[in-house]
Amino acid sequence: MTESEIHIRDRARAHVRAELLAPQGTDDPSAVDALLALAEDLFVPLAVDVELACCDAESGYPLDEPRPRAPYQQLRLGPLPETLAVREVWTDTRVTRVEDRDRLARAEILGWLAAVRAGQECAQPRTATGWTQLLVESVRARLPKSTGELSVLPVSYGAGVIAYPVERPADASDDSLWVSGPLEGRPGTAPFELRIVNEAGFLSLDLSLNWSPWIEPDGAGRPAVDAAVARLSSLGWDVTSAA
């Protein structure tokens with residue numbers, strides 16, 4: 001691909017939106033399963049941010065008071081490309097690093113969520129620590145096959161071009177190509193961004209598609225997006241819009 005063939009949309013981005021009424025309970029894995037179902041063949045989440053809250057133990061609704069001591073948590077892979085920007089979404093975020101992995105496993109994410117909740121007990125009777133937001137802003141995206149053999153991928157953004165280093169798996173038999181984003185100094189330019197909001201078990205999901213191959217109806221990455229939406233639907237999510 002040339003820089004005229006791939007661009008980042010900075011306004012009116014395409015979205016996959018979905019909703020699910022999850023089973024009651026803070027240990028329900030529905031949000032993590034949705035993240036991994038969407039990510040399959042599309043991207044690898046390089047960091048996962050979560051906001052914790054003290055919730056009513058019976059209804060699950062988040063309370064204004066009390067607050068967990070450390071409500072903002074991040075799980076981050078390492079080591080990561082030096083060119084990658086991993087933002088701590090909230091001030092005073094506590095970061096947990098997972099070293100020497102190429103991706104976060106389901107059990108790893110669920111175990112981390114359980115651990116950070118257990119470490120933030122709410123100082124009030126009939127309350128439980130839950131989560132209200134789960135965010136992914138830094139990803140490693142799998143490029144469509146039509147990208148070609150490039151060492152640097154030029155991507156148009158506004159009036160300029162961003163040069164994304166192309167990454168290859170260590171396994172020589174794997175011919176997939178990847179790029180990680182956003183790059184340092186280029187916020188909001190990751191190929192994908194994900195936000196899942198939890199309101200007492202009612203989950204609302206928003207996957208932002210930011211690059212043209214996955215947005216345009218005839219884009220080379222569009223079949224992978226359609227397959228991801230099908231996987232999400234198969235988990236029981238009501239997909240209300242798909243770009």
Side-chain angles (χ1 to χ4, degrees), residues 1-11 13-16 35-49 74-89 95 97-105 108 135-194 207-228 243:
M1 288 186 179
T2 67
E3 59 209 54
S4 62
E5 294 175 316
I6 183 167
H7 63 272
I8 299 171
R9 185 180 291 183
D10 57 354
R11 294 182 181 178
R13 289 176 165 174
H15 294 264
V16 173
L35 162 61
L36 297 179
L38 287 171
E40 182 181 335
D41 293 330
L42 272 184
F43 64 89
V44 172
L46 301 178
V48 178
D49 284 87
Q74 182 185 87
L75 182 65
R76 181 187 302 186
L77 274 178
L80 293 173
E82 294 181 358
T83 55
L84 179 73
V86 180
R87 183 170 75 101
E88 294 177 11
V89 178
V95 178
R97 288 178 170 81
V98 177
E99 301 292 341
D100 300 322
R101 303 276 200 286
D102 59 0
R103 63 184 62 230
L104 294 168
E108 218 156 29
L135 306 174
V136 174
E137 293 191 346
S138 298
V139 302
R140 178 176 288 123
R142 183 171 186 164
L143 295 173
K145 290 290 187 182
S146 60
T147 304
E149 291 294 326
L150 300 172
S151 58
V152 175
L153 180 69
V155 180
S156 296
Y157 182 55
V161 174
I162 303 176
Y164 278 82
V166 174
E167 303 170 32
R168 290 169 171 79
D171 183 355
S173 65
D174 185 347
D175 63 354
S176 60
L177 300 177
W178 303 75
V179 292
S180 297
L183 300 185
E184 283 287 355
R186 300 286 189 171
T189 59
F192 303 97
E193 296 170 333
L194 178 71
L207 174 68
S208 178
L209 313 174
N210 304 336
W211 288 24
S212 57
W214 297 284
I215 296 174
E216 296 166 358
D218 59 349
R222 193 64 208 184
V225 173
D226 295 339

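Everything numeric in this text was worked out from a predicted model, so none of it was measured.
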Measure the shortest side-chain to side-chain distance between [X] and [Y] over non-hydrogen atoms and say whether it is less than 4.5 angstrom.
X: Glu108; Y: Val98; value: yes
X: Leu77; Y: Pro45; value: no
X: Val225; Y: Leu42; value: yes
X: Ile6; Y: Pro213; value: yes
X: Leu143; Y: Leu153; value: yes
X: His15; Y: Arg13; value: yes
X: Leu38; Y: Leu36; value: no
X: Ser180; Y: Glu167; value: yes

- Message: Looking at every heavy atom in both Ala14 and Arg9, which two are closest together, and how far apart are they?
- Response: N-NH1, 4.2 Å
- Write down the atom of Pro165, the atom of Val179, and the distance for their closest heavy-atom approach. O-CG1, 3.6 Å
- Who pairs with Glu216 by salt bridge (charged side-chain N to carboxylate O under 4.0 Å, His left out), at least two apart in sequence or on another chain?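 Counting only residues at least two positions away or on another chain, Glu216 forms no salt bridge (charged side-chain N to carboxylate O under 4.0 Å, His left out).
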- Applying salt bridge (charged side-chain N to carboxylate O under 4.0 Å, His left out), name anything that partners Arg97, two or more places apart in sequence or on another chain.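 In terms of salt bridge (charged side-chain N to carboxylate O under 4.0 Å, His left out), with neighbours along the sequence ignored, Arg97 is linked to no residue.
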What distance separates [X] [atom1] from [Y] [atom2], expressed to the nearest 0.5 Å?
X: Leu35; Y: Leu194; atom1: CG; atom2: CG; value: 5.5 Å
X: Ile8; Y: Arg186; atom1: CD1; atom2: CZ; value: 8.5 Å
X: Thr189; Y: Glu137; atom1: OG1; atom2: CD; value: 11.0 Å
X: Leu177; Y: Leu150; atom1: CG; atom2: CG; value: 8.0 Å

- Item | Trp178 side chain to Ser176 side chain, donor-acceptor N/O pair below 3.5 angstrom | yes
Hey, is the main chain of [Y] close enough, under 3.5 Å, to the side chain of [X] for a donor-acceptor pair?
X: Ser138; Y: Ala85; answer: yes
X: Arg101; Y: Glu99; answer: yes
X: Ser212; Y: His7; answer: yes
X: Asn210; Y: Ala190; answer: yes
X: Glu184; Y: Val86; answer: no

- State plainly whether the residues Asp218 and Arg222 are in salt-bridge range, i.e. N to O under 4.0 Å. no
- Salt bridge check: are Asp175 and Lys145 linked by an N-O gap of less than 4.0 Å? yes
- Option among Phe43, Tyr164, Phe192 that satisfies the ring-ring contact (aromatic ring centres under 6.0 Å, His included) test with Trp211: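 Testing each of Phe43, Tyr164, Phe192 against Trp211, the sole residue satisfying ring-ring contact (aromatic ring centres under 6.0 Å, His included) is Tyr164.
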- Exceeds 12 heavy-atom contacts within 6.0 angstrom, atom CD of Glu82: no
